[in-house]
There are 2 protein chains.
Amino acid sequence: MGRAGVSTLGFATLGLLAGESLSGYDVKLRMAEPVGFFWQAGHSQIYPELAKLEAGGMVVHNDVPQSGKPDKKIYEITAEGLSAVKEWVSEPAKSAPTRDEATLKAYLSWLGEPGEMAAMFRELGRRHEKQMERYLETEAWMRSEWGEPKRFERRRFANYAALKRGVGFEREYAQWCRWVSEKLESSG
Amino acid sequence: MGRAGVSTLGFATLGLLAGESLSGYDVKLRMAEPVGFFWQAGHSQIYPELAKLEAGGMVVHNDVPQSGKPDKKIYEITAEGLSAVKEWVSEPAKSAPTRDEATLKAYLSWLGEPGEMAAMFRELGRRHEKQMERYLETEAWMRSEWGEPKRFERRRFANYAALKRGVGFEREYAQWCRWVSEKLESSG
DNA sequence: GTAAACATGTAACAAGTTACATGATTGC
DNA sequence: GCAATCATGTAACTTGTTACATGTTTAC
């Protein structure tokens, strides 16, 4: 928890709501898609989080009655909530301790059969490569839709910057996987 | 939890014990230093974990009485524990969902003052660069101590491979941070 | 004398995952 | 008919973090 008991998930939610008012369901969808590769949460985390934010005066909701489905709760950020995210966003990002199972397995790879280990890393590399390609497609879409990255307005640039991190991360990861699998193969 | 209720932390611990018998305190030290950048745990997690592993027959301990300090418990991996790690290590690594606060802040950077945001990312970049340099020093030490990476025996290669991931990760991260801060500056 | 290293544990809390629970509408 | 989408929640559980708890030895 950070200031006034708002967790990082809380700030992520506030950040989304700073752009547009959303239902819990919509927040969930965005946590899966654009935001998902650097922060995600299931609905079982989001609904209680929204309730907590409301209790803290960061958001308010109004019910939109629907036929058949439960009432939709549209959450809107308050002035208090907005100033809280704005303050939070420029504070030093704390890099949470990385926990990476694949790197752990590389470190312990001497315990496994080299051929099997090589295959495992080859497959892992493929997965990260595919993910990178998906991000590159989105990047291409942004360029075609929004034009020159140099002239992006702030919100689009922010989106582009996050995506760029995704591309770099996956590329480096895929390269490393391929390197590991090749070395393991040639030694087996 | 994976097979027979062993968590990833459990396997990390078993992996360490596969190389040498260790006390809980020693496991903690290794979780901080060589293993720390891709998997870490405090002693409050390690002691109960060792007890759980022992209850599951994966490790056994014998007490080494000491003067003044509490008895040292030296944990040794069992045949069962060894075959469990060996099986686990070549299974597909599940990439746990990434949660990266800095990338989230980049995505929400449009909410902050550009100058402040740029400074934040510049500082973050410096941190990752320093970390990269620390890893590079270790790499240099390995080369000087162990010779040509090509001829590393399996255990040393495994160590080297994990370190290499650390270098690549930090390099990519630092580059991205610098790129973000430069763009934010030139736009502010 | 003071801090760090050695050595082991427990308790309280926060965060995240999986499963349980309900129910209409829409597209195949 | 069957799965997916829309829409909201709760409960149980696992994992990880921070704080509490104790006590000696060694180096500065």
Side-chain angles (χ1 to χ4, degrees), chain A residues 1-13 22-33 35-36 38-56 61-75 94-101 104, chain B residues 1-13 22-33 35-36 38-56 61-75 94-101 104:
Chain A
M1 293 201 302
R3 71 190 59 267
V6 180
S7 65
T8 305
L9 174 62
F11 285 118
T13 309
L22 297 166
S23 68
Y25 190 83
D26 290 325
V27 170
K28 190 205 75 179
L29 290 182
R30 279 158 187 74
M31 287 284 176
E33 247 311 272
V35 176
F38 52 87
W39 210 273
Q40 17 23 62
H43 73 280
S44 68
Q45 237 190 318
I46 289 164
Y47 289 120
E49 186 63 43
L50 283 165
K52 236 204 285 184
L53 288 171
E54 187 154 46
H61 83 270
N62 62 318
D63 293 291
V64 178
Q66 299 196 124
S67 55
K69 305 166 201 170
D71 283 8
K72 198 193 268 196
K73 292 186 178 181
I74 301 292
Y75 285 89
K94 44 184 179 335
S95 21
T98 315
R99 283 199 175 80
D100 190 77
E101 205 179 277
L104 176 61
Chain B
M1 290 203 301
R3 72 191 56 270
V6 180
S7 65
T8 307
L9 174 61
F11 284 118
T13 309
L22 296 166
S23 68
Y25 190 83
D26 291 325
V27 170
K28 189 204 74 179
L29 291 182
R30 279 158 189 74
M31 287 283 176
E33 247 311 274
V35 176
F38 51 89
W39 209 273
Q40 19 21 63
H43 73 280
S44 68
Q45 236 189 320
I46 289 164
Y47 289 120
E49 186 63 43
L50 283 165
K52 236 203 285 184
L53 288 171
E54 187 154 46
H61 82 271
N62 62 320
D63 293 291
V64 178
Q66 298 197 125
S67 56
K69 304 165 202 172
D71 284 8
K72 198 194 268 195
K73 292 187 178 180
I74 301 292
Y75 285 89
K94 44 183 180 334
S95 22
T98 314
R99 283 197 176 81
D100 191 77
E101 206 179 274
L104 175 62

**Item:** A:K28 side chain near D:dA7 phosphate (N/O to OP1/OP2, under 4.0 Å)
**Value:** no
**Asked** Given atom CD of A:E33 and atom C1' of D:dT5, what is their separation to the nearest angstrom?
**Response** 16 Å
**Prompt:** Reckon B:R99 has a side-chain N or O less than 4.0 Å from the OP1 or OP2 of D:dG16?
**Reply:** no
**Message:** By nearest atom, which of the nucleotides C:dT8, C:dT17, D:dT8 is closest to the A:S44 side chain?
**Reply:** C:dT17
**Prompt:** What's the CE-P distance between B:M31 and D:dG16, to the nearest Å?
**Reply:** 10 Å
**Request:** Could you state the atom-to-atom distance from CG of A:L22 to P of D:dT8 in whole Å?
**Result:** 11 Å
**Complete:** Separation of D:dT14 atom C1' from B:L9 atom CG, nearest Å, is 12 Å
**Prompt:** Can you list the steps and then say if B:T8 with A:E101 is a side-chain hydrogen bond (donor to acceptor under 3.5 Å, both in side chains)?
**Reply:** CA-CA 8 Å; B:T8 307; A:E101 205 179 277; 3.3 Å; yes
**Nearest-Å distance for atom pair CG/P, residues B:L50 and C:dG9** = 9 Å
**Prompt:** Do the side-chain N or O atoms of B:Y47 get closer than 4.0 angstrom to the phosphate oxygens (OP1, OP2) of C:dG9?
**Reply:** no
**Item:** Full working for side chain to side chain contact (heavy atoms under 4.5 Å, CB included) between B:D63 and B:K72
**Value:** CA-CA 6 Å; B:D63 293 291; B:K72 198 194 268 195; over 6 Å; no
**Complete:** When rounded to whole Å, the CD1 to P distance for the pair A:I46 and D:dT8 reads 11 Å
**Message:** Over all strands shown, is B:G24 touching base, sugar-phosphate only, or nothing at heavy-atom distances under 4.0 angstrom?
**Reply:** sugar-phosphate
**Message:** Looking at A:Y75, is its backbone amide N or carbonyl O close enough to the side chain of A:E54 to form a donor-acceptor pair, meaning the two atoms are under 3.5 Å apart?
**Reply:** no
**Request:** Measure from the side chain of B:P97, starting at C-beta and using heavy atoms only, and say which of C:dA19, C:dT17, D:dT15 lies closest.
**Result:** C:dT17
**Request:** Examine D:dC6: is either OP1 or OP2 under 4.0 Å from a nitrogen or oxygen in the side chain of A:Y25? Give yes or no.
**Result:** yes
**Asked** D:dC6 C1' sits how many Å from A:I74 CD1, rounded?
**Response** 12 Å
**Message:** Using a 3.5 Å distance criterion without hydrogens, assess whether the side chain of A:R99 forms a donor-acceptor pair with backbone atoms of B:F38.
**Reply:** no
**Asked** Nearest nucleotide by nearest heavy atom, which residue falls closer to the 5' end of DNA chain C, A:A41 or B:D71?
**Response** B:D71
**Prompt:** Once you round it to whole Å, what is the distance between C1' of D:dT10 and CD of A:E49?
**Reply:** 16 Å
**Item:** Within-4.5 Å side-chain heavy-atom neighbours: A:V35 and A:Q40
**Value:** no
**Request:** Select one nucleotide: of C:dA21, D:dT15, C:dT8, the one nearest the side-chain heavy atoms of B:H43.
**Result:** C:dT8
**Request:** Tell me whether the OP1 or OP2 atom of C:dA7 has a side-chain N or O from B:Q66 closer than 4.0 Å.
**Result:** yes
**Request:** Quick one: closest heavy-atom pair of B:A41 and B:K28, and the distance?
**Result:** O-CG, 4.5 Å
**Prompt:** Between D:dT17, C:dT10, D:dT8, which nucleotide has the shortest distance from any of its atoms to the side chain of B:Q45?
**Reply:** D:dT17
**Asked** Has the side chain of A:S23 got a donor or acceptor atom sitting under 3.5 Å from an opposite partner on the base of D:dT8?
**Response** no
**Item:** Proximity to the side chain of A:P48 - top-ranked nucleotide from D:dG9, D:dT10, D:dT15
**Value:** D:dT10
